[in-house]
Amino acid sequence: MIYLDHAATTPLRPEAREAMAPFHGDLFGNPSGAHGIARRAKNALEAAREEAAELLGAEHPLDVVFTSGATEADNLAVVGAALAGGRRGGVVASAVEHEAVLEAARFAGRLGCPVEIVGVDDRGVADPEATAAACGPDTAVVALMAANNETGARQPVAKVAHAVRAQAPQALVHCDAVQSFVTEDVTVPALGADLVALSAHKFGGPQGTGLLYVRPGTDLEPVLHGGGQELGRRSGTHNVAGVVGMVAAMRATVADRTGFRERIGEARRRFEDRVRRAAPDAAFTLDPADRLVQHSHLRIPGVRADTMLVRLDAVGLAASAGSACSSGAMETSHVLAAMGIPAGDAAECLRFTFGWDHRPESGDAAGEIVAAVIGKLR
């Protein structure tokens, strides 16, 4: 099987697997305990927190809140900011945000928080001035992802953050940086955001683990209540093995970014060249310069995506038609709709995403398979 669905989840990096192994054995302790076994787990947890903060360019390790993944981190950022201090603050979000952000915003809306969804251009990119203009004196949080999970479109997060602070200085800026961490400079100084969400399984870490960076002094209302872990910001027994594995994957990812961009950029170029030879009318949603290097989002006119995916799977290639985080059903993508792509065209769009375990020749092999399937279907 050639796996080209890394935007959905990635294979576990060997560095993460090795780091996690002791915590599935002798280092099983609950870090909230007071005895020696618990302290060993606590020491590992806090060492991982320190390294995560350093990799993110955070001011202090306690700026990092460990979560069960980016969905929880996004909910804590959006709902937690909107409800902080007993208020019902406003939420502003781009129309192409991940469902975790959009559904959190809708939930906040049902609680009485004003919600504004800001449109994007035909590349799926939010305009900084339009985003800022949607903010008012009661806006609590503005959400803009670093790059889109379906198309790979990069967003001007730092410019949006600057514009928002000029318009509504009280508003927090939240960035879902899940897709970008593999290749982009995802650090607090680079993004300029107050809140940043990551999910381990998008860059070779374990599923069910993530984090939220929280700028010092930021007030958030918890969305999970219980034992008061994470300084009361997120209750629940820590997944120490998951956290240690995530940070090991973060370390390996950051060290490999330059090499990743080079080899995966070449793999994607070879893949797309082969697809173009098989289908000269193939329509790539974005120019390479406008998207993440690992993303190839395209439309094969006259070939439905669901049919194509079934045929590809049958011959050993895994891909997708968009986000795998909602359901297995084929639904019109809200991302493509926001970009102005008609529903009929969107139904022919496919997403191929490369990852850390690929090499340039992976693009050749995948391209041959896709070309053969296109030929048969046509």
Side-chain angles (χ1 to χ4, degrees), residues 7-9 65 67-84 87-120 124 126 131 134-135 138-151 153 155 157 160 171-180 193-202 207-214 220-225 233-236 320-339 343 346 351:
T9 196
V65 178
T67 68
S68 63
T71 292
E72 183 190 335
D74 285 336
N75 275 261
L76 177 56
V78 174
V79 179
L83 301 183
R87 60 180 170 174
R88 293 291 188 269
V91 179
V92 174
S94 85
V96 294
E97 294 301 297
H98 191 279
E99 290 90 343
V101 168
L102 293 176
E103 288 301 319
R106 294 183 184 110
F107 174 71
R110 294 195 293 273
L111 296 179
C113 302
V115 177
E116 291 285 341
I117 303 301
V118 181
V120 295
T131 305
C135 299
D138 295 327
T139 300
V141 60
V142 177
L144 180 66
M145 61 190 354
N148 188 260
N149 51 300
E150 293 189 34
T151 66
Q155 297 288 353
V157 178
V160 167
L172 299 173
V173 175
H174 170 55
C175 178
D176 180 321
V178 167
Q179 292 295 328
S180 295
D194 303 291
L195 303 157
V196 180
L198 293 182
S199 187
H201 75 108
K202 304 295 188 176
Q207 296 175 353
T209 309
L211 64 79
L212 179 68
Y213 161 79
V214 181
L220 295 177
E221 177 68 23
V223 296
L224 293 181
H225 303 274
R233 297 172 296 189
R234 191 269 184 186
S235 293
S320 72
S323 176
C325 300
S326 52
S327 70
M330 291 290 293
E331 300 174 351
T332 300
S333 162
H334 73 279
V335 173
L336 302 186
M339 294 168 63
R351 181 186 70 178

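In this text the structure is predicted, and so the values were computed from the model without any measurement. Sequence positions, counted from 1, serve as the residue numbers for this chain.
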Check: Thr9/Gln207 side-chain N/O donor and acceptor closer than 3.5 Å: yes
Return the minimal non-hydrogen interatomic distance between [X] and [Y], and the atom names on each side.
X: Ala95; Y: Gly119; value: CB-CA, 4.3 Å
X: Val223; Y: Gly80; value: CG1-N, 4.3 Å
X: Ala147; Y: Ser180; value: CB-OG, 3.2 Å
X: Val101; Y: Ala143; value: CG1-CB, 3.6 Å
X: Ala338; Y: Val96; value: CB-CG1, 3.9 Å
X: Ala140; Y: Ala82; value: CB-CA, 3.9 Å

Side-chain heavy atoms of Lys202 within contact of Gln179, under 4.5 Å: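 Yes, side chains in contact.
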Tell me whether [X] contacts the main-chain N or O of [Y] through its side chain, where contact means a donor paired with an acceptor under 3.5 Å.
X: Arg234; Y: Glu72; value: no
X: Gln155; Y: Gly124; value: yes
X: Glu116; Y: Ala93; value: no
X: Glu221; Y: Val79; value: no

Could you grab the distance from atom [atom1] of [X] to atom [atom2] of [Y], nearest 0.5 Å is fine?
X: His98; Y: Asp176; atom1: NE2; atom2: CG; value: 7.0 Å
X: Leu172; Y: Leu220; atom1: CG; atom2: CG; value: 7.0 Å
X: Ser68; Y: Leu224; atom1: OG; atom2: CG; value: 7.0 Å
X: Leu76; Y: Thr67; atom1: CG; atom2: OG1; value: 8.0 Å

Partner set under side-chain hydrogen bond (donor to acceptor under 3.5 Å, both in side chains) for Thr209, not counting sequence neighbours: Asn239
Steps toward side-chain contact (heavy atoms from CB on, under 4.5 Å) verdict (Val78, Val91): CA-CA 7 Å; Val78 174; Val91 179; 3.9 Å; yes
Check against side-chain contact (heavy atoms from CB on, under 4.5 Å), Thr131 and Leu144: CA-CA 9 Å; Thr131 305; Leu144 180 66; 5.8 Å; no
Salt bridge (Lys or Arg N to Asp or Glu O under 4.0 Å) partners for Glu97, two or more places apart: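 Glu97 satisfies salt bridge (Lys or Arg N to Asp or Glu O under 4.0 Å) with no residue once adjacent residues are dropped.
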Working for side chain to side chain donor-acceptor pair (under 3.5 Å), residues Ser333 and Glu150: CA-CA 9 Å; Ser333 162; Glu150 293 189 34; 2.7 Å; yes
side-chain contact (heavy atoms from CB on, under 4.5 Å) against [X], all qualifying residues, sequence neighbours excluded:
X: Ala197; answer: Ala73, Asp74, His174, Leu212
X: Ala193; answer: Val173, Cys175, Leu191, Val196
X: Ala337; answer: none

From CA spacing to verdict: side-chain contact (heavy atoms from CB on, under 4.5 Å), Thr151, Arg351: CA-CA 7 Å; Thr151 66; Arg351 181 186 70 178; over 6 Å; no
Criterion side-chain contact (heavy atoms from CB on, under 4.5 Å) on Cys135 and Val142, from CA distance to verdict: CA-CA 8 Å; Cys135 299; Val142 177; 3.5 Å; yes
Donor-acceptor pairs under 3.5 angstrom involving side-chain atoms of residues 103-115: please list them, not counting sequence neighbours.
unit_1: Glu103; atom_1: OE2; unit_2: Arg106; atom_2: NH1; d: 2.6

